[in-house]
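Single-structure report; data block below.
Below, chain A is the first sequence line, B the second, and so on; all start at residue 1. Fair warning: this is a prediction, and the values are worked out from it, not measured in the lab.
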Protein chains: 2
Amino acid sequence: MEFFNRTGKMAIGSRLRMLTEKITEDAASIYKMYDIDMQPKWFPVFYVLSAGEAKTITNISKEIGHSHPSVSKIIREMVKQGLVTEQKDKKDGRLNMVSLSAKGNTISEKIKDQYIDINRAIEQLTTQTRNDLWKAIEEWEFLLDQQSLLTRVREQKKERESLNVKIIAYDPQYKQVFKDLNEEWISRWFKMEEADYRALDDPQGYILDKGGCILVALYNDVPVGVCALIKMNDPDYEYEMGKMAVSPLAQGKNIGFLLGKGIIEKARLLGAKKIYLESNTILKPAISLYHKLGFNKVASRNSPYERSNIQMELLIKQ
Amino acid sequence: MEFFNRTGKMAIGSRLRMLTEKITEDAASIYKMYDIDMQPKWFPVFYVLSAGEAKTITNISKEIGHSHPSVSKIIREMVKQGLVTEQKDKKDGRLNMVSLSAKGNTISEKIKDQYIDINRAIEQLTTQTRNDLWKAIEEWEFLLDQQSLLTRVREQKKERESLNVKIIAYDPQYKQVFKDLNEEWISRWFKMEEADYRALDDPQGYILDKGGCILVALYNDVPVGVCALIKMNDPDYEYEMGKMAVSPLAQGKNIGFLLGKGIIEKARLLGAKKIYLESNTILKPAISLYHKLGFNKVASRNSPYERSNIQMELLIKQ
DNA sequence: TCTAATTACGTAACTGATTACGCAAATATA
DNA sequence: TATATTTGCGTAATCAGTTACGTAATTAGA
């Protein structure tokens, strides 16, 4: 299909579907060639039953990876053809024990030649290819099991979008943004406190002049996130990270992470040995971001904020 | 899926279907993540339309390899979403010209980032595999296009079955078989002639004693085919191949070919330079078998048989 | 120039899978 | 021991494709 050369790999789903269709179509003719009265879709069920033991519907469906209604339907069709027999279990009235009938067993013997020939045909096909389709599928199954295509794409998205993010130093023009972004999330989850107003209404006096700093994240040159490094008045800690806020419209672009990294770097340049922060456990994405940045929970401390119920710190390697 | 390790490669259809399903399932979530109101199944249609030109239903269906009703349905859904517009062609009233709407074009721009991220995610996946799935599919498409899975399996079948075929020299116990097998096909297609009875009623006197020979094909030790090398009384030809017959029950097992090869080898050992044969053009499989054995048509000659309307010869390399 | 064949495409029915749901039997729990 | 939960599995609806078929418009041919 020339079409797929143009689309690129995002059409891999469509392309797979077409190949699948072509193969199953031939499968039907192959059964006919061997004079075996069976539909290709019965194969997985037939195969597990040809081991000999009777099995329940649920059992079969788990083994072959189909839904149970699908197996149920297939069994009904196979019963009609006389290939299998059903029998209610005596001990457990829910169980429908299915096994191959005499006719089914005959076919199971007869079909072995067909298995051999198909396997050989595919083996021969495989020797003519540079990439082994069977193994490739296996590898994809394994990798997608570890991490789905969805999360893989999400990571690419994040990475790409973080290229459009610029982290810059605070400038008075961002005073309003600094307040708005913070007020937005604080009042959404909690309520604004006295200490919030002090910092947000006078960042220059309350943060910068005391030797702290503020970073602003621009996405396509629009300010969408802020974060501050605040000088503390505490024998244990010199600096606190706080007032981190990212616009809900710009979520999922790694902006929080980039701001955090920026603040940590600032603290390192200022010679800080560790950074402190306070948060609340209901802010799960925030907590997990702090973890990702390297922060760890510390024993509870006094806080000027009512909403603070968790404290964390990060040790800085100079 | 552990199941597929047991079945072997004949379940490649099922396995492909499952992988396809897993991927397209994720595809739907991916569109949602990019906030694009589109179904994965629309993608191929959307893609060809995003080139800009208006296209007909048939045109699109050919390009993407779907049936036209499928495209027709998809277009209707996309019209409902406002992604495409339809317009009857002025010159040819049958044509339904479809093109992206303004909204469709906006999405086409917006979706480009998604394309990039998906491609990167798949590229990254590919670097983690030893067998490139995309290329493997491409190779299978190519090989199946040259020769379908069905014919590949048929060849394996033939090859396997020909191992169960033994070609042996004539023995008086096969006199009846020799006559019956020949009478069967002759009277099915034509009618028995005087010359037939002479040869079939007295193979010893008419064929063997004159210096010819007869071969019998056994399939699982049951005689299912015969063929004779008959000494001719002709200045041009020394030997004729004739009286080849294979039971309809044993067709497709390469038996005719094996008998032919055997007769040719006999002729070679007898020092023959060429072999002659007569047949009728309505027996197409027979004619093509003769071709496969190396026989070529020669100018028409007189024949004792009414049914003969084609003559062939094979030059033997000693 | 009239009729036959071809082409475009829509509708209907089918296919092989799924999810949603409900019922009955068995098992766990208070 | 009575009630709640879990399990097995059947039915119904849905989904993304197909094939079959019909109809209208165009093109080819006698």
Side-chain angles (χ1 to χ4, degrees), chain A residues 1 11 13-29 31 38-46 54-80 84 86-98, chain B residues 1 11 13-29 31 38-46 54-80 84 86-98:
Chain A
M1 279 295 294
S14 297
R15 196 171 202 174
L16 273 169
R17 198 187 40 71
M18 283 185 185
L19 182 58
T20 309
E21 220 160 73
K22 200 184 241 169
I23 290 174
T24 37
E25 204 173 281
D26 266 28
S29 318
Y31 283 105
M38 219 171 78
Q39 293 180 40
K41 65 165 171 168
W42 297 351
F43 170 74
V45 173
F46 185 85
K55 300 201 163 155
T56 66
I57 302 275
T58 313
N59 216 305
I60 297 170
S61 76
K62 269 178 195 149
E63 214 167 320
I64 70 174
H66 279 206
S67 65
H68 86 259
S70 163
V71 173
S72 178
K73 244 191 261 179
I74 287 171
I75 293 292
R76 228 170 315 136
E77 291 174 19
M78 290 174 80
V79 166
K80 218 187 214 169
V84 301
E86 295 172 293
Q87 201 174 7
K88 281 274 168 208
D89 191 86
K90 281 157 218 147
K91 286 177 195 152
D92 187 338
R94 294 168 305 176
L95 306 182
N96 182 359
M97 305 303 293
V98 182
Chain B
M1 280 293 296
S14 298
R15 195 170 202 175
L16 272 170
R17 199 186 40 71
M18 284 185 182
L19 182 58
T20 308
E21 219 160 72
K22 200 184 241 169
I23 290 174
T24 37
E25 205 174 279
D26 267 27
S29 320
Y31 282 105
M38 217 171 78
Q39 293 180 39
K41 66 166 170 167
W42 297 352
F43 169 74
V45 172
F46 185 84
K55 299 202 165 154
T56 66
I57 302 275
T58 313
N59 215 305
I60 296 169
S61 76
K62 269 178 196 150
E63 215 166 320
I64 70 174
H66 279 206
S67 64
H68 85 258
S70 164
V71 174
S72 179
K73 247 192 257 180
I74 288 171
I75 293 291
R76 229 171 315 137
E77 292 174 20
M78 291 174 80
V79 166
K80 219 186 210 167
V84 299
E86 295 174 292
Q87 202 175 5
K88 281 274 169 208
D89 190 87
K90 281 158 219 148
K91 284 177 199 154
D92 188 336
R94 294 167 305 176
L95 306 181
N96 181 359
M97 305 303 294
V98 181

Side-chain donor-acceptor distances from residues 73-80 of chain B under 3.5 Å, at least two apart:
from	atom 1	to	atom 2	distance (Å)
E77(B)	OE1	K41(B)	NZ	3.2
E77(B)	OE1	W42(B)	NE1	3.0
E77(B)	OE2	K41(B)	NZ	3.0

Pairing residues for A27(A) by the side-chain contact (heavy atoms from CB on, under 4.5 Å) criterion, not counting sequence neighbours: P40(A)
Those residues at least two apart in sequence (or on a different chain) that pass salt bridge (charged side-chain N to carboxylate O under 4.0 Å, His left out) with E21(B) are R17(B)
Can you give one letter per nucleotide of nucleotides 7-18 of chain C, 5' to 3': B if a protein heavy atom sits under 4.0 Å from the base, S if only from the sugar-phosphate, - if neither? BSBBB----SBB
D92(B) meets the salt bridge (charged side-chain N to carboxylate O under 4.0 Å, His left out) criterion, sequence neighbours left out, with R94(B)
Test of understanding: with side-chain hydrogen bond (donor to acceptor under 3.5 Å, both in side chains), list the residues that count as partners of N96(A), not counting sequence neighbours. E86(A)
